Number of protein chains: 2
Amino acid sequence: MIFSRKTDYGLRALMYLAERRARGPVTLSEIAEKLMIPKAFLSKILQQLAKKGVVRSLKGPSGGFVLAVEPAEVTLQEILTEIDGPTRVFECFATESDCTLYGDCLMRDVFGEVEDQIGKVLARYTLADFRYTDKLPAKA
Amino acid sequence: MIFSRKTDYGLRALMYLAERRARGPVTLSEIAEKLMIPKAFLSKILQQLAKKGVVRSLKGPSGGFVLAVEPAEVTLQEILTEIDGPTRVFECFATESDCTLYGDCLMRDVFGEVEDQIGKVLARYTLADFRYTDKLPAKA
DNA sequence: CTGAACAGGACCAATGTAGTCCGCTATTTC
DNA sequence: GAAATAGCGGACTACATTGGTCCTGTTCAG
Ligand code: FES
Ligand code: FES
């Protein structure tokens with residue numbers, strides 16, 4: 001019951017890209033380094049987001065990644081769905097055998113409601129609500 | 001992002017116990033068989049719930065498990081927390097190194113809000129809202 | 001043409017979940 | 001006070017998912 005590390009990485013990378021959007025493509029290496037995310041792993045995540053059209057990727061020298069959407073136009077819900085698939089909260093494990101035994105089992109409804117509420121919250125925020133602030137760590 | 005099978009098993013077992021409450025202790029074997037849950041696994045779950053005081057366990061012949069609380073007094077939220085721990089939805093993976101870099105990172109708040117909403121829904125239902133109905137499968 | 005940069009497939013490691021086994025202890029019943 | 005019954009609890013295994021690596025392309029600016 002937790003969003004994956006992939007989600008965290010992806011979201012933070014998008015924040016970073018949102019901030020640099022005007023300044024042209026940002027390389028994988030830069031993002032990975034600044035955000036301390038394993039490069040090869042982040043590569044997969046960005047590839048995935050590129051396929052979904054959230055970012056655009058440019059090959060070759062002076063290439064990199066650019067945010068392909070208006071930060072204010074893309075909700076957290078959309079992002080999380082694109083990274084990790086739809087937010088599912090419950091799966092009836094009795095399905096095959098005896099879910100039918102429970103004609104009035106409320107679990108379906110309760111957890112459906114839970115999913116709706118999660119969706120509602122996530123849909124209220126967009127990338128524009130998040131800022132990557134590049135200040136130095138307090139401890140330094 | 002899904003509630004565990006353990007949760008499903010535990011919840012269904014509690015429903016069953018709620019239904020049989022008046023008729024004295026129910027053995028592990030009976031619950032496991034009726035609900036098609038691996039016996040040894042269910043044993044662990046019920047042990048856990050026994051320690052938390054949700055069920056009471058009686059050893060020896062004619063022993064078994066009895067629900068120790070009023071079905072209407074225990075919310076889904078409490079049950080799920082007792083089975084799987086508090087519902088956490090997000091964990092900042094940047095914590096040690098650079099979470100402090102993001103003084104105004106909203107993730108904490110957004111996901112906190114998500115957790116609140118989940119809690120609210122789950123707190124609205126109690127065991128009494130669920131019924132274990134022992135009818136035969138439609139297909140039979 | 002060359003080197004910077006992403007693409008993508010195969011692969012590996014760590015983690016957590018699901019599930020098993022077995023000897024131990026408590027309780028009842030005779 | 002046996003013997004049978006039922007839960008306890010620790011150690012263990014199996015499996016799936018997630019997190020992460022590596023290496024060989026392909027594309028493209030200069
Ligand atoms: S038994 Fe299938 S949803 Fe409740
Ligand atoms: S960086 Fe830690 S919560 Fe956002």
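Order of the sequence lines fixes the chain letters, A, B, ..., with proteins taken first and strands second; residue numbering starts at 1 for each chain. Just so it is clear, the structure is predicted and the values come from calculations on it, not from any experiment.
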_Atom pair distance, as rounded to whole Å: OH in Tyr9(A) and P in dG19(D)_ = 8 Å

*Nearest-Å distance for atom pair CZ/P, residues Arg5(B) and dA16(D)*: 11 Å

_Within 6.0 Å of CZ in Arg21(B), more than 12 heavy atoms from elsewhere_ = yes

*Do Val110(A) and Phe130(B) come close enough that some side-chain heavy atom pair is under 4.5 Å?*
yes

*Please report, rounded to the nearest Å, how far the P atom of dT17(D) is from the CD1 atom of Ile83(A).*
20 Å

*What about Gln47(B), does its side chain sit under 3.5 Å from the base of dG9(D) through a donor-acceptor pair?*
yes

*Within the structure shown, what part of the strands sits under 4.0 Å from Lys39(B) by heavy-atom distance: base, sugar-phosphate, or nothing?*
nothing

*With under 30° as parallel and over 60° as perpendicular, where do the rings of Phe3(B) and Phe111(A) fit, or are they tilted in between?*
tilted

*Verify whether one side chain among Gln47(A) and Ser43(A) offers a donor that lies under 3.5 Å from an acceptor in the other.*
yes

_5' precedence on DNA chain D between Pro61(B) and Ser57(B) (nearest-nucleotide basis)_ = Pro61(B)

_Residue mapping more 5' on DNA chain C - nearest nucleotide basis, Lys59(B) or Asp84(B)_ = Asp84(B)

*Please give, in whole Å, the distance from dG19(C) P to Asp8(B) CG?*
10 Å

_Base dG10(D) paired with Lys44(B) side chain (donor-acceptor, <3.5 Å)_ = yes

*asked:* Does Leu58(B) reach a base, just sugar-phosphate, or nothing at all? Heavy atoms under 4.0 Å.
replied: sugar-phosphate

*For the pair made of CZ in Phe65(B) and C1' in dT27(C), what is the distance, rounded to whole Å?*
14 Å

*In whole angstrom, give the distance that lies between atom CZ of Phe41(B) and atom C1' of dG10(D).*
16 Å

*asked:* Distance check needed: dT21(D) P versus Leu28(A) CG, whole Å only.
replied: 12 Å

*Could you check how far NZ of Lys6(A) sits from C1' of dT15(C), rounded to whole Å?*
17 Å

_Over 12 non-hydrogen atoms of neighbours within 6.0 angstrom of CD in Glu30(A)_ = yes

